[in-house]
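First comes the structure, then the notes that go with it.
Only this structure's heavy atoms are used, side chains among them; waters, hydrogens and symmetry mates stay out.
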2 protein chains.
Amino acid sequence: MRIGELAKGTGIDVETLRYYERVGLLQLPARQANGYRTYGQDAVERVNFIRHCRALDIGLADVRRLLDFVAHPEADCSDVNYLLDEHLVRVRAKLKSLRTLEKQLARLRTQCDADHRAADCGILQELVAAAHGEACACHQSGGNASLSNRKDGE
Amino acid sequence: MRIGELAKGTGIDVETLRYYERVGLLQLPARQANGYRTYGQDAVERVNFIRHCRALDIGLADVRRLLDFVAHPEADCSDVNYLLDEHLVRVRAKLKSLRTLEKQLARLRTQCDADHRAADCGILQELVAAAHGEACACHQSGGNASLSNRKDGE
DNA sequence: CTTGACCCTGAAGTTGCTATAAGGTTTAGT
DNA sequence: ACTAAACCTTATAGCAACTTCAGGGTCAAG
């Protein structure tokens with residue numbers, strides 16, 4: 001099959017397939033006389049493997065390592081475990097920070113609901129205050145601090 | 001203060017500060033005779049403002065818009081609400097997909113625990129089977145499918 | 001007077017694609 | 001036979017948000 005068919009069969013964009021080939025995830029395919037790439041069924045499986053790994057947000061470098069393991073069934077697979085554990089740690093860390101983030105954003109969002117002037121916007125005031133409080137948590141000079149651009153006619 | 005001090009005071013890398021200047025988040029600072037940048041206290045606050053927004057994963061383009069609001073206190077702030085709402089939607093969507101991802105990875109991880117050959121690795125088998133099942137959910141040819149590289153002496 | 005810590009600019013590298021330009025080939029329809 | 005659409009090719013640039021690198025200049029201390 002040609003690259004367009006492979007793309008349709010796997011749901012991966014043609015450009016992305018060529019990209020995967022370029023970075024060494026896909027083997028160099030055979031070429032027709034006109035230069036067109038030709039693939040067999042094994043390519044479909046390889047691309048689907050990659051797609052599944054990507055759906056799990058596994059980076060291309062790690063996908064390459066996993067493909068190497070598949071290619072070498074006699075190798076010890078403890079590295080596969082390690083790879084997945086590391087990845088799981090990353091995902092859980094991101095999950096945790098994202099949960100915190102959601103709380104902070106939601107709280108921030110409650111600070112301002114009606115339409116009014118930015119000077120009275122609770123959200124901006126909170127952000128400015130946070131920036132202010134960084135150096136010194138005490139003196140709030142009044143309105144919106146000294147972050148402004150000065151050149152007001154922009 | 002010079003850029004190194006600003007970096008230390010805010011926890012933002014020197015290179016990143018110069019980058020922020022280049023993309024217009026920081027105003028062009030005054031220069032000493034030797035060309036070194038000099039900053040005042042307002043720069044610290046501005047950088048901290050940026051840092052807080054970034055900690056909330058707000059993109060640089062949106063940070064720029066927020067800085068504009070701070071600079072123009074007379075403007076209507078309903079766009080600030082909108083910006084935050086949009087961001088909250090993005091964060092929640094990401095959170096949802098990440099939770100699913102974590103479950104899948106955790107389940108996959110349980111498929112293989114002891115050190116053994118890759119050929120017997122449950123994790124690889126699952127990924128290969130998933131790739132296989134894509135085209136046809138029936139025939140599992142046996143071991144680890146035809147994803148391998150063939151050129152085993154790599 | 002040299003060492004090391006700081007500063008400067010401009011450009012390239014990172015990740016995982018996506019998009020564009022500028023062509024060549026094939027296929028279907030008239 | 002001609003043409004237009006739909007495919008294929010390569011090489012190159014763009015995205016975010018930095019980070020790193022190359023190749024310098026400046027300055028205080030020993």
Side-chain angles (χ1 to χ4, degrees), chain A residues 1-26 28-39 43 46-67 83 86-87 90-91 94 97-98 101, chain B residues 1-26 28-39 43 46-67 83 86-87 90-91 94 97-98 101:
Chain A
M1 82 192 75
R2 295 188 305 193
I3 199 169
E5 258 178 291
L6 181 59
K8 252 179 217 136
T10 59
I12 298 291
D13 199 78
V14 169
E15 305 298 332
T16 306
L17 289 174
R18 283 199 276 251
Y19 169 74
Y20 284 166
E21 180 187 316
R22 206 162 57 244
V23 299
L25 281 181
L26 294 180
L28 297 178
R31 299 282 188 145
Q32 292 174 349
N34 54 18
Y36 290 11
R37 291 165 176 84
T38 20
Y39 299 94
R46 199 174 168 101
V47 172
N48 277 331
F49 183 93
I50 296 171
R51 202 165 63 73
H52 277 273
C53 293
R54 295 295 299 133
L56 295 171
D57 205 28
I58 296 172
L60 294 188
D62 284 342
V63 174
R64 199 174 294 127
R65 287 171 59 199
L66 288 175
L67 280 167
L83 191 154
E86 272 191 323
H87 190 57
R90 274 200 300 275
V91 166
K94 200 164 187 177
S97 80
L98 217 53
L101 175 52
Chain B
M1 81 192 77
R2 294 188 306 192
I3 199 168
E5 259 178 288
L6 180 59
K8 251 177 217 137
T10 59
I12 299 291
D13 199 78
V14 169
E15 305 298 334
T16 306
L17 289 174
R18 282 198 275 251
Y19 169 74
Y20 283 167
E21 181 187 316
R22 205 161 59 243
V23 298
L25 280 181
L26 294 180
L28 298 178
R31 298 283 187 144
Q32 292 174 352
N34 54 18
Y36 288 11
R37 290 166 176 84
T38 20
Y39 298 96
R46 198 174 168 101
V47 172
N48 276 331
F49 183 92
I50 296 171
R51 201 165 64 73
H52 277 274
C53 293
R54 294 296 297 134
L56 295 171
D57 205 29
I58 296 171
L60 294 189
D62 284 343
V63 174
R64 199 174 293 126
R65 286 172 59 198
L66 289 175
L67 280 167
L83 190 154
E86 272 191 322
H87 190 57
R90 273 199 302 273
V91 166
K94 201 164 187 178
S97 79
L98 216 54
L101 176 52

>> Does D:dT19 have its OP1 or OP2 closer than 4.0 Å to a side-chain nitrogen or oxygen of B:Thr16?
In response: yes
Testing C:dT18, D:dC18, D:dT9 for proximity to the side chain of B:Tyr20, the answer is D:dC18
Tabulated below should be each protein N or O lying under 3.5 Å from an N or O of nucleotides 20-25 of chain D; please produce it.
| unit_1 | atom_1 | unit_2 | atom_2 | d |
| --- | --- | --- | --- | --- |
| D:dG25 | N2 | B:Tyr36 | OH | 2.8 |

What one should report as the nearest heavy-atom pair of B:Asp57 and B:His87 is O-CE1, 2.9 Å
Among the nucleotides C:dC17, D:dA17, D:dT9, whichever has the atom closest to the side chain of A:Arg37 is D:dT9
(Q) I want to check one thing: is the phosphate of C:dG16, taken as OP1 and OP2, less than 4.0 Å away from some side-chain N or O of A:Arg64? (A) no
Open item on the list: Any salt bridge linking B:Glu5 with B:Arg2? Criterion: basic side-chain nitrogen under 4.0 Å from a carboxylate oxygen.
Closed with: no
Among the nucleotides C:dT9, C:dG16, C:dC6, whichever has the atom closest to the side chain of B:Lys8 is C:dC6
Looking only at heavy atoms, the pair that brings B:Val63 and B:Ile50 closest together is CG1-CG1, 4.0 Å
Heavy-atom nearest nucleotide on DNA chain D taken for A:Val14 and for B:Arg54; more 5' hit belongs to A:Val14
Item to check | Check ion pair A:Glu21-A:Arg18 (N to O, under 4.0 angstrom) | outcome: no
Quick note, B:Asn34 side chain, CB onward, closest among C:dT9, D:dC27, D:dA17 is D:dC27
